[in-house]
Amino acid sequence: MPAELVCFEPKCRARFPVTEVIYNCPRCGGLLEADYPDWKLDAVQVKSVWRARRACNLPLDQSGVWRYREIIPFLDNLDSVVTIREGNTPLLPAPGAAEYGGLDKLIFKHQGFNPTGSFKDNGMTAGVAQARRLGMRRVACVSTGNTSASMAAYASAAGIEPLIFIPHGNISYGKLAQALEYGARTFQVEANFDQILALVRVLAERQGIYLLNSINPFRIEGQKTIIVEMLDQRDWSVPDWIVLPGGNLGNTSAFGKALRELKQLGFINKMPRLAVIQAEGAAPFYELFHASSRDHLNAVPHPETLATAIKIGDPISWPKALHEVTASVGTVEKVREQEIADAKAIVGRCGIGCEPASAATLAGIRKLTAAGVIRRDADVVAVLTGNVLKDPDYIYRYHTGKLEAPDGEPIRPTFGNQPIVVPNDPEKIAAFL
Ligand code: F0G
């Protein structure tokens with residue numbers, strides 16, 4: 001079945017070949033998405049094929065993305081695919097986090113178990129496969145850290161040169177270190193994420209470099225499999241709510257598209273509701289969602305949050321995300337720095353751990369249950385997007401009472417856990433025990 005690119009704008013819906021190197025509709029400038037005309041799958045049969053592949057040792061079947069290749073059929077063949085065993089991320093019940101969030105029960109889908117430690121790997125294996133199919137020799141992205149770490153790994157594994165642009169001084173060392181280690185040429189630009197994205201788009205066009213930001217529709221295809229795998233792991237029982245953090249809103253777009261398609265193809269018979277959580281200092285999507293008119297997103301010119309992964313003021317995928325959240329009868333919430341920090345410590349105390357942006361989910365759940373939007377007995381899956389080790393500096397500062405919000409306000413170590421300095425003396429250490 002041939003894939004196409006289609007303009008997301010309802011008034012345009014122009015179609016283009018899937019091999020055209022475009023990121024926006026050449027006619028109207030709208031976002032693009034992959035589309036599969038006359039798409040039909042036998043849901044019962046495909047579900048059993050997917051389950052059987054889990055027991056197969058072929059690399060593509062071991063991949064938690066390509067195992068589900070029938071749901072992302074944009075390639076003519078799979079020769080261009082490079083896998084480093086992305087996906088395969090666990091569902092983790094977290095009673096302590098449930099209690100904190102005001103729920104009877106809460107399950108985390110932990111994308112931090114991916115090879116480079118974030119959900120970006122699900123999308124990057126797909127984006128890099130498309131880059132290879134198109135014969136691209138160089139790929140680029142602007143990133144708050146995780147996209148760059150992931151792109152560096154997948155491009156290098158595929159023999160393509162990775163070029164990374166990051167806001168100088170505004171990404172965590174864990175993520176920067178990954179980009180360097182995976183061999184990417186890394187440019188630290190004196191500008192914020194939104195400004196650098198505009199810059200990189202010009203450069204990519206001029207220099208024939210393939211852009212792998214989440215505006216790239218094939219990355220979105222890969223990220224759909226986060227939802228497919230989660231439902232497969234739940235034996236296709238659909239939760240009431242899926243909660244995720246929102247930055248550039250690519251993941252929200254991917255989740256919504258996956259759910260729409262799974263419903264249309266007969267894999268599920270109801271839609272879960274999507275709840276997107278933003279950090280208060282970088283919450284343009286929250287403002288849009290709760291505004292009287294949702295026609296236009298007002299960008300936040302100077303976004304601020306310690307959850308640097310979601311420090312984005314002008315999210316590129318907002319039209320898609322708005323459509324998906326609305327279609328799912330979902331909602332958008334925002335949370336303060338203190339709330340993110342405390343929620344993160346709670347996720348840690350469950351023995352799970354995550355990076356700051358991921359913890360926005362639990363902070364958001366706590367607010368949404370308190371407001372009666374999510375019921376205490378609801379079946380909720382929260383997506384933890386990044387690994388705990390992505391930002392160790394934040395963790396150390398929180399537990400030692402040294403963490404400050406961007407406006408200089410101290411963050412209280414509500415669940416702080418100071419290391420204790422002791423002499424080399426068993427008696428004195430015993431006194432602490
Ligand atoms: N959580 C983490 C850990 C992220 O790295 C990101 C995005 C998000 C949530 C938000 O996802 O953009 O799809 O809404 N990080 C990007 C990056 C922007 O460059 O790594 P989104």
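Ligands are counted one by one from 1 in listed order, and the atoms in each one are counted from 1 as well.
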Neighbouring residues of ligand 1, heavy-atom cut-off under 4.0 Å:
Phe119, Lys120, Ser143, Thr144, Gly145, Asn146, Thr147, Pro245, Gly246, Gly247, Asn248, Leu249, Gly250, Asn251, Ala309, Ile310, Ile312, Glu355, Ala357, Thr385
Qualifying residue for side-chain contact (heavy atoms from CB on, under 4.5 Å) with Ser148, from Thr186, Ile166, Leu176
Ile166
Pairs satisfying ring pair (Phe, Tyr, Trp, His ring centres under 6.0 Å), at least one member in residues 300-345, at least two apart:
Phe8-His323
Set of residues satisfying side-chain hydrogen bond (donor to acceptor under 3.5 Å, both in side chains) with respect to Asn269, sequence neighbours excluded
none
Which is it for Glu205 and Arg201 under the side-chain contact (heavy atoms from CB on, under 4.5 Å) test, yes or no, and what are the steps along the way?
CA-CA 6 Å; Glu205 176 125 19; Arg201 290 184 67 155; over 6 Å; no
Output a table of donor-acceptor pairs, distance under 3.5 Å, between side-chain atoms of residues 85-96 and any protein atom two or more places apart or on a different chain; print 'none' if there are none.
unit_1 : atom_1 : unit_2 : atom_2 : d
Glu86  : OE1    : Thr83  : OG1    : 3.3
Glu86  : OE1    : Ile84  : N      : 2.9
Glu86  : OE1    : Tyr154 : OH     : 2.6
Glu86  : OE2    : Ser63  : OG     : 2.6
Glu86  : OE2    : Thr83  : OG1    : 2.6
Asn88  : OD1    : Arg67  : NH1    : 3.2
Asn88  : OD1    : Arg67  : NH2    : 2.8
Asn88  : ND2    : Gln62  : O      : 2.7
Asn88  : ND2    : Glu86  : O      : 3.4
Thr89  : OG1    : Lys109 : NZ     : 2.8
Thr89  : OG1    : Gln111 : OE1    : 2.6
Thr89  : OG1    : Glu229 : OE1    : 3.4

Only residue of Phe74, Tyr23, Tyr210 satisfying ring-ring contact (aromatic ring centres under 6.0 Å, His included) with Phe218 is Phe74
